[in-house]
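Just follow the structure's listing: the first ligand is 1, and inside any ligand the first atom is 1. Remember, it's a predicted structure, so these values are computed and weren't measured experimentally. Counting from 1, the numbers follow the sequence of the chain as shown.
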Amino acid sequence: MVEKVNFGDELVAPQEKTRRVGEVFSSVARRYDVMNDLMSGGMHRLWKDRFVNRVKPRAGEDILDMAGGTGDVAFRMATRGARVTVADINADMLEVGKERARARALDLVWKVENAEALTFEDAAFDAYTIVFGIRNVTDIPAALREAHRVLKRGGRFYCMEFSSSDWPGFATLYNAWSEKVIPRLGKAFADDEASYRYLVESIRRFPRPNAFRNMIAEAGFIRASAEPMLGGLVSIHSGWKV
Ligand code: SAM
């Protein structure tokens, strides 16, 4: 029997999860950027700036921004001179990203790819980034192994992801915000309560920073580390391929 996986709080077959995650992001694509601002009070912009400061993209580097969606992180890296490939399983998210890139006159490569089984050659990239994407992937260890495969020796892996916070007061406040307010914002501004409920549930279910750091090490990266912010609600993870 195929082992079931979580789609938010529901247990479903692995292919069903991938299909439903696809539906969520097709449904939110057009409102994704404005909803990010509403849900995080604009904080996602600061987190992404901090993330890119950690990655330190350099002119002439090839960087794969996996689960890159509408391009927020990719644009920040491209303006620093890196050659950025934005890959995502969802063509609707990439379509919005391409329109935004045209408006900014930024030249990037856009590709539909499943993080679990990439079509890129071995050792193709200097850095691999994945922001708020990996918790949506059905087989996370497979995606980490693929990240390791497509990086050059000396290549950097960087991931930013949500989890639950261990700051007691803040965690209570955040849980109330995420369980009560975010799905309502989804209903009011995007007419889509279910998708936003999934996003909240998937955050709560993602491993704590130290557990995810161990998964990065198991995929073959050395110096795997986690930099938790807001008590682990958001963390920047990194690893190095030798
Ligand atoms: N990185 C962007 C950002 O921070 O704004 C987008 C993040 S969005 C929350 C998550 C993205 O992960 C979606 O665009 C979704 O299509 C993508 N995704 C989910 N599963 C994926 C998979 N297996 N392979 C590649 N992308 C995936």
Side-chain angles (χ1 to χ4, degrees), residues 5-8 12 14-40 42-52 54-55 63-78 84-101 108 110-120 127-147 150 158-163 178 182 186 190 192 195-206 234-237:
V5 293
N6 272 97
F7 172 78
V12 299
Q15 311 88 304
E16 175 70 2
K17 169 168 176 161
T18 308
R19 191 187 65 73
R20 291 224 217 154
V21 167
E23 278 178 5
V24 165
F25 287 102
S26 289
S27 161
V28 303
R30 291 273 147 203
R31 300 271 167 127
Y32 178 74
D33 296 299
V34 65
M35 284 303 291
N36 263 350
D37 277 331
L38 273 175
M39 290 186 306
S40 72
M43 293 278 283
H44 75 109
R45 294 168 185 259
L46 303 178
W47 296 331
K48 285 170 181 166
D49 287 345
R50 181 162 178 163
F51 177 82
V52 171
R54 293 285 181 278
V55 177
I63 303 187
L64 175 60
D65 185 37
M66 195 63 229
T70 60
D72 255 10
V73 172
F75 297 160
R76 285 167 168 79
M77 299 196 291
V84 185
T85 300
V86 190
D88 197 289
I89 201 168
N90 192 298
D92 295 321
M93 291 288 280
L94 291 179
E95 210 38 60
V96 175
K98 284 182 205 167
E99 287 167 22
R100 296 176 77 212
L108 299 98
W110 300 86
K111 227 163 162 276
V112 174
E113 292 274 337
N114 183 347
E116 295 168 19
L118 300 175
T119 64
F120 304 108
Y128 174 111
T129 56
I130 183 161
V131 171
F132 304 139
I134 206 151
R135 72 175 191 279
N136 301 293
V137 170
T138 306
D139 186 346
I140 294 175
L144 293 173
R145 287 193 299 272
E146 279 293 82
V150 300
Y158 276 96
C159 171
M160 183 156 67
E161 195 47 270
F162 289 108
S163 182
S178 64
I182 292 183
D192 185 1
S195 294
Y196 288 90
R197 197 167 289 288
Y198 158 74
L199 292 176
V200 168
E201 289 168 0
S202 63
I203 287 171
R204 210 179 46 233
R205 291 200 160 271
F206 193 70
V234 183
S235 299
I236 296 176
H237 300 269

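Considering CD1 of Ile203 and CD1 of Ile182, their distance stands at 6.5 Å, rounded to 0.5 Å.
A donor-acceptor pair shorter than 3.5 Å cannot be found between the side chains of Asp92 and Tyr32.
Residue Arg45 places its CZ atom among 12 or fewer non-hydrogen atoms of other residues, nucleotides or ligands, all under 6.0 Å distant.
The nearest pair of heavy atoms linking Met66 to Asp88 is CE-N, 4.4 Å.
Using a 4.0 Å cut-off between charged nitrogen and carboxylate oxygen, Glu95 and Lys98 count as a salt-bridge pair.
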Less than 3.5 Å apart, N/O on ligand 1 and N/O on the protein: could you list those pairs with the distances?
from	atom 1	to	atom 2	distance (Å)
ligand 1	1 (N)	Ala67	O	2.9
ligand 1	1 (N)	Val131	O	2.9
ligand 1	4 (O)	Val131	O	3.4
ligand 1	5 (O)	Tyr32	OH	3.2
ligand 1	5 (O)	Lys48	NZ	3.2
ligand 1	14 (O)	Asp88	OD1	3.3
ligand 1	14 (O)	Asp88	OD2	2.6
ligand 1	16 (O)	Asp88	OD1	2.6
ligand 1	23 (N)	Asn114	OD1	2.9
ligand 1	24 (N)	Ala115	N	2.9
ligand 1	26 (N)	Ile89	N	3.3

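Residues satisfying the ring-ring contact (aromatic ring centres under 6.0 Å, His included) criterion with Trp47, sequence neighbours excluded, are Phe162.
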